[in-house]
*Asks:* 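My questions will all concern the structure given below.
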Amino acid sequence: QVQLVESGGGLVQAGDSLRLSCAVSGRTFSSYAMGWFRQAPGKGREFVATISSTGGSTYYADSVKGRCTISRDNAKNTVYLQMNRLQPEDTDVYYCAQSSSEWLTAIHNGYNYWGQGTQVTVSS
C-alpha cells in the first residue's frame with residue numbers, strides 16, 4: 001500500500017517561513033510526479049505546486065509563485081515545500097499527493113494517492 005506522511009506544519013507569524021515534508025513509501029517514488037495542494041475549511045482543494053518525477057520540471061499556482069519552492073530527494077523518497085513570507089491567507093491544511101504518471105500536473109484528479117494533511121496557521 002502506498003503511504004504518504006506530511007510533516008512540518010504549525011503556527012507561525014506573518015512573514016515567517018515553513019518547510020513542509022512528505023515521506024512516501026509503497027511504490028517506486030522516483031517514477032511519479034508529486035504535488036502539493038491546500039484546503040481551507042468550507043473550501044475546495046486548491047493546487048499549490050507540482051514537480052516531475054526527476055525534478056526537472058516544476059509548476060506553481062499564481063498565488064504562491066515567488067514565495068514557494070517545491071523540491072524532491074528521490075534517494076530519500078521525500079518531497080518538500082518551502083513556503084516563505086507566509087500570510088494569513090496561506091492558512092490551510094496542506095496535502096501531499098503522488099501522481100498517476102511521471103509528468104507534472106495541476107489537476108487534482110491526476111493524483112491517486114494522498115497524505116493525511118498538515119495544518120499551517122499564519123497569524124497576523
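Everything numeric in this text was worked out from a predicted model, so none of it was measured. Position 1 is the first residue of the sequence, and the numbers go up from there.
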*Asks:* Would you call V79 and I70 a side-chain contact if the rule is heavy atoms closer than 4.5 Å?
*Replies:* yes
*Asks:* Do V120 and D92 have side-chain heavy atoms sitting under 4.5 Å apart?
*Replies:* no
*Asks:* Strictly distance-based, threshold 3.5 Å: is any side-chain N or O of S52 a donor or acceptor partner for the main-chain N or O of S57?
*Replies:* yes
*Asks:* Looking only at atom types and distance, does a side-chain atom of T78 sit under 3.5 Å from a main-chain N or O of K76, one as donor and one as acceptor?
*Replies:* yes
*Asks:* Please confirm whether the backbone N or O of S30 pairs with a side-chain atom of T28, one donor and one acceptor, at under 3.5 Å?
*Replies:* no
*Asks:* Would you say the side chains of Q116 and E6 form a donor-acceptor pair under 3.5 Å?
*Replies:* yes
*Asks:* Side chain to side chain contact (heavy atoms under 4.5 Å, CB included) between L18 and L86: does it pass, once the steps are laid out?
*Replies:* CA-CA 8 Å; L18 282 174; L86 287 162; 4.0 Å; yes
*Asks:* Taking the six-membered ring of F47, is NZ or CZ of R38 closer than 6.0 Å to its centre and within 45° of its axis?
*Replies:* no
*Asks:* Please report the closest heavy-atom contact between R72 and A33, naming both atoms and the distance.
*Replies:* NH1-CA, 3.8 Å
*Asks:* Do side-chain atoms of R19 reach the backbone of G9 as a donor and acceptor pair under 3.5 angstrom?
*Replies:* no
*Asks:* Between C68 and V48, does a side chain to side chain contact (heavy atoms under 4.5 Å, CB included) hold up when you go through it step by step?
*Replies:* CA-CA 9 Å; C68 171; V48 177; 4.3 Å; yes
*Asks:* Going through the distances and angles, do S21 and S7 end up as a side chain to side chain contact (heavy atoms under 4.5 Å, CB included)?
*Replies:* CA-CA 5 Å; S21 298; S7 61; 3.8 Å; yes
*Asks:* Using a distance-only test with no angle check, is there a side-chain donor-acceptor pair under 3.5 angstrom linking S100 and N112?
*Replies:* no
*Asks:* For the pair T91 (side chain) and V122 (backbone), establish whether a donor and an acceptor sit closer than 3.5 Å, ignoring hydrogens and angles.
*Replies:* yes
*Asks:* Does any part of the side chain of V24, heavy atoms only, come nearer than 4.5 Å to the side chain of M34, both counted from C-beta?
*Replies:* yes
*Asks:* With a 4.5 Å cut-off on side-chain heavy atoms, are P88 and S124 touching?
*Replies:* yes
*Asks:* Salt bridge or not between R85 and D16? Use side-chain N to carboxylate O under 4.0 Å.
*Replies:* no
*Asks:* For T50 and Y60, does a side-chain donor sit closer than 3.5 Å to a side-chain acceptor?
*Replies:* no
*Asks:* Flag yes if more than 12 heavy atoms outside K65 fall under 6.0 Å of its NZ atom; otherwise flag no.
*Replies:* yes
*Asks:* Do W36 and L104 belong to the same hydrophobic cluster, where Ile, Leu, Val, Met, Phe, Trp and Tyr are linked whenever their side-chain heavy atoms lie under 4.5 Å apart, directly or via other members?
*Replies:* no
*Asks:* Does a side-chain heavy-atom distance below 4.5 Å link Q82 with S17?
*Replies:* yes
*Asks:* Tell me, do Y32 and F29 make a side-chain contact under 4.5 Å, heavy atoms counted?
*Replies:* no
*Asks:* Please walk me through it: do Y94 and L81 pass side chain to side chain contact (heavy atoms under 4.5 Å, CB included)?
*Replies:* CA-CA 10 Å; Y94 284 72; L81 185 70; 4.2 Å; yes
*Asks:* Roughly how far, to the nearest 0.5 Å, is OG of S99 from NE2 of H108?
*Replies:* 13.0 Å
*Asks:* I want to know whether F37 and Y95 have ring centres closer than 6.0 Å.
*Replies:* no
*Asks:* Please report the interatomic distance OG(S25) to CG(L4), rounded to the nearest 0.5 Å.
*Replies:* 7.5 Å
*Asks:* Measuring only between side-chain heavy atoms, which start at C-beta, is S123 closer than 4.5 Å to V12?
*Replies:* no
*Asks:* Do Y59 and I51 make a side-chain contact, defined as non-hydrogen atoms from C-beta onward lying under 4.5 Å apart?
*Replies:* no
*Asks:* What distance separates S101 OG from Y111 OH, expressed to the nearest 0.5 Å?
*Replies:* 8.5 Å
